[in-house]
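Heads up: the structure comes next, in structure tokens.
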Amino acid sequence: MKEAEMTIPHLFMCPISLELIKDPVTLCTGQTYDRSSIEKWLAAGNLTCPVTMQKLQDPSMVPNHTLRHLIDQWLRMGTQFDPALSTVDCLASLKKNLESDEATMEYKCQTLQEIQALTEESQSGNSCLLQLGFLPLLLELLFGKAESKLSQECVKFAEQALSWVLRLLSLGEYECLDMLKEESKLESFQVLFDQGTGKIKRSLCHIIEAISSSMETRELCAKLGENRKLLKGLILLVHQTYNASDAGIKAISALCCLESNRQNLVQEGVMNTLLTYIYDAERHERNSAPAALSTIELLLELENAKAALISNPNGIKALVKMVFRFSEHEGSESAVRSLIIICTDSLQAREEAIGAGVLTQLLLLLQSQCSGRTKTKARMLLRLLRSKLVG
């Protein structure tokens with residue numbers, strides 16, 4: 001059948017020319033275009049990807065042989081062409097490219113870009129990848145071989161592969177992560193965390209969240225909590241840039257689902273880190289302050305966490321600041337409950353809280369639109385402070 005007589009599948013249409021792709025090439029963003037169209041776009045001085053509008057860190061173009069093969073099939077078979085079956089065949093072939101010991105990291109990166117181009121238009125793309133066993137394969141490629149130092153090619157591959165891992169984990173296939181219980185694989189995880197880019201660190205934090213959220217991987221969660229080097233790395237991450245610090249807070253909060261992990265985190269100094277984070281929350285517009293506050297509240301079940309809070313010169317002040325904020329009330333209840341816990345048995349804490357203006361903060365909170373439950377806790381703290389003052 002002639003090309004003009006057929007409706008061009010969306011996957012085979014160049015996003016720039018809206019015509020059939022003759023020579024498919026993929027950019028670093030994972031988007032595929034007809035070579036002539038994207039070359040004209042770049043020659044005109046454009047430095048972004050036309051579809052995503054992301055700045056092109058690398059303007060090079062990679063030939064998309066898989067898509068070319070599919071287009072050739074479609075041109076030959078016409079109406080008999082089944083894009084779903086052809087896509088599965090192509091994905092199975094691309095999986096072999098990833099499995100090959102002879103393939104370079106650069107070639108494997110190109111393969112991941114081709115996979116993205118194939119699956120981005122398919123609602124069942126991620127399910128198909130799971131069924132074909134891509135998740136355990138990607139995890140093995142990422143953590144199966146311990147490297148003492150990461151090459152630039154390995155870093156680039158890890159960034160792309162981790163994005164795919166997170167996408168596939170969103171479907172709930174957590175048991176594959178148990179491979180990290182092996183010492184050598186956990187060591188590879190640590191190397192990636194230590195030497196990886198900010199994007200890699202954030203992705204690994206999301207994986208820690210996934211591990212901590214599932215009962216299927218609870219044993220692995222405990223193992224991560226025993227890894228003092230990893231805990232130190234997460235704590236250091238909180239002191240870094242906005243995106244990295246938020247990812248670190250969420251990972252720490254997730255690990256606190258186990259009491260043993262909470263003990264280890266407190267011993268590594270997590271209380272001071274969390275208190276500094278919320279103390280600077282408004283100045284740095286930190287969105288994970290509520291998560292940090294709920295984590296502090298949970299940790300205050302431990303005596304050494306209470307001691308760390310009282311010994312921190314800005315600890316009580318940090319909690320008082322979070323009792324009432326004009327912008328939002330999320331986190332107020334955790335701040336109030338934390339102050340109730342620490343002020344119940346500590347005269348020093350009560351005096352510091354009053355000195356930091358907690359009474360005014362509580363009155364403002366009671367006049368706000370916060371929840372009834374938060375107001376009940378605020379009244380409890382007011383009664384506690386007044387009774388101790390009178391006493």
Side-chain angles (χ1 to χ4, degrees), residues 193 197-199 201-202 204-206 208-209 230-256 262 265-300 302 304-343 346 348-362 364-365 368 370 374 377-378 381:
F193 190 89
T197 59
K199 184 177 181 180
K201 291 180 195 291
R202 291 194 298 274
L204 293 175
C205 283
H206 293 321
I208 291 172
E209 283 187 77
L230 178 61
L231 298 186
K232 285 179 177 142
L234 288 171
I235 290 169
L236 284 173
L237 193 63
V238 176
H239 295 288
Q240 295 183 13
T241 59
Y242 165 75
N243 286 332
S245 64
D246 276 2
I249 287 288
K250 290 174 183 175
I252 288 169
S253 180
L255 284 172
C256 284
R262 297 197 287 272
L265 280 162
V266 171
Q267 289 171 16
E268 292 301 332
V270 76
M271 284 296 292
N272 287 336
T273 295
L274 294 173
L275 290 165
T276 299
Y277 181 90
I278 62 170
Y279 189 75
D280 295 333
E282 288 186 350
R283 184 154 53 95
H284 295 295
E285 296 184 356
R286 288 173 164 172
N287 295 334
S288 293
L293 278 163
S294 62
T295 304
I296 288 171
E297 181 190 351
L298 186 60
L299 292 172
L300 286 175
L302 306 173
N304 53 348
K306 291 179 184 177
L309 170 56
I310 291 173
S311 64
N312 186 303
N314 292 317
I316 300 296
K317 290 178 190 173
L319 291 177
V320 170
K321 281 177 69 174
M322 300 301 291
V323 167
F324 176 80
R325 292 194 294 169
F326 286 102
S327 57
E328 57 180 291
H329 299 304
E330 193 180 3
S332 293
E333 188 175 345
S334 284
V336 172
R337 285 201 297 244
S338 295
L339 284 167
I340 290 173
I341 293 169
I342 202 68
C343 289
S346 171
Q348 179 186 337
R350 294 194 293 273
E351 289 176 344
E352 283 189 33
I354 292 168
V358 71
L359 299 178
T360 301
Q361 288 284 85
L362 287 169
L364 287 169
L365 186 63
S368 72
C370 69
T374 300
K377 292 295 180 183
L381 180 56

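- Nearest heavy-atom pair, Lys317 versus Ala356, reported as atom, atom and distance to 0.1 Å: CG-CB, 4.1 Å.
- Contact between Met271 and Ile296 at its shortest, heavy atoms only, is CE-CG2, 4.1 Å.
- Residues passing the side chain to side chain contact (heavy atoms under 4.5 Å, CB included) test with Glu297, sequence neighbours excluded: Ser334, Arg337, Ser338, Ile341.
- The structure places CD of Gln348 at 9.0 Å from CD1 of Ile342, a figure rounded to the nearest 0.5 Å.
- Interatomic distance, Ser332 OG to Met322 CE, rounded to the nearest 0.5 Å: 7.5 Å.
- Rounded to the nearest 0.5 angstrom, Ile316 CD1 and Glu351 CD are separated by 11.5 Å.
- For Asn304, the side chain to side chain donor-acceptor pair (under 3.5 Å) test picks out no residue, with sequence neighbours left out.
- Tested against Ile252, the residues Ile235, Leu231, Ile208 include a single side-chain contact (heavy atoms from CB on, under 4.5 Å) partner, Ile235.
- Contact check for Val270 versus Arg262: no side-chain heavy atoms found under the 4.5 Å cut-off.
- Annotation for Ala291 and Thr295: closest pair O-OG1, 2.7 Å, computed over non-hydrogen atoms.
- Residue Glu333 is tested with Val323, Thr374, Leu365 for a side-chain contact (heavy atoms from CB on, under 4.5 Å); the sole match is Thr374.
- Summarising the geometry, atom CD1 belonging to Ile278 is positioned 4.5 Å from atom CG belonging to Leu293; distances are rounded to the nearest 0.5 Å.
- The main-chain N or O of Val320 is found under 3.5 Å from a side-chain atom of Gln361 such that the two form a donor-acceptor pair.
- Listed for the Ser346 side chain is no donor-acceptor partner under 3.5 Å among the backbone atoms of Cys343.
- Panel note: side chain Ser253, backbone Ile249; no donor-acceptor pair is recorded below 3.5 Å.
- Between Cys205 and Lys250, the closest side-chain pair of non-hydrogen atoms is not below 4.5 Å.
- Taking CG of Leu319 as the reference point, atom CD1 of Ile340 lies at 11.5 Å (rounded to 0.5 Å).
- In terms of the side chain to side chain contact (heavy atoms under 4.5 Å, CB included) criterion, Leu236 has no residue partners (sequence neighbours excluded).
- Remark: the backbone N or O of Lys232 is not paired with any side-chain donor or acceptor of Glu268 at under 3.5 angstrom.
- Closest heavy-atom contact between Tyr277 and Ala289: CE2-N, 3.6 Å.
- Of all the heavy atoms in Val238 and Gly248, the pair that sits closest is CG2-C, 4.0 Å.
- The line from CG of Leu204 to CG of Leu237 is 10.0 Å long, rounded to the nearest 0.5 Å.
- Summarising the geometry of Glu209 relative to Ala254, their closest heavy-atom pair is CA-CB, 3.9 Å, with the distance given to 0.1 Å.
- Side-chain contact between Leu234 and Phe193: present, with at least one pair of heavy atoms (C-beta onward) separated by less than 4.5 Å.
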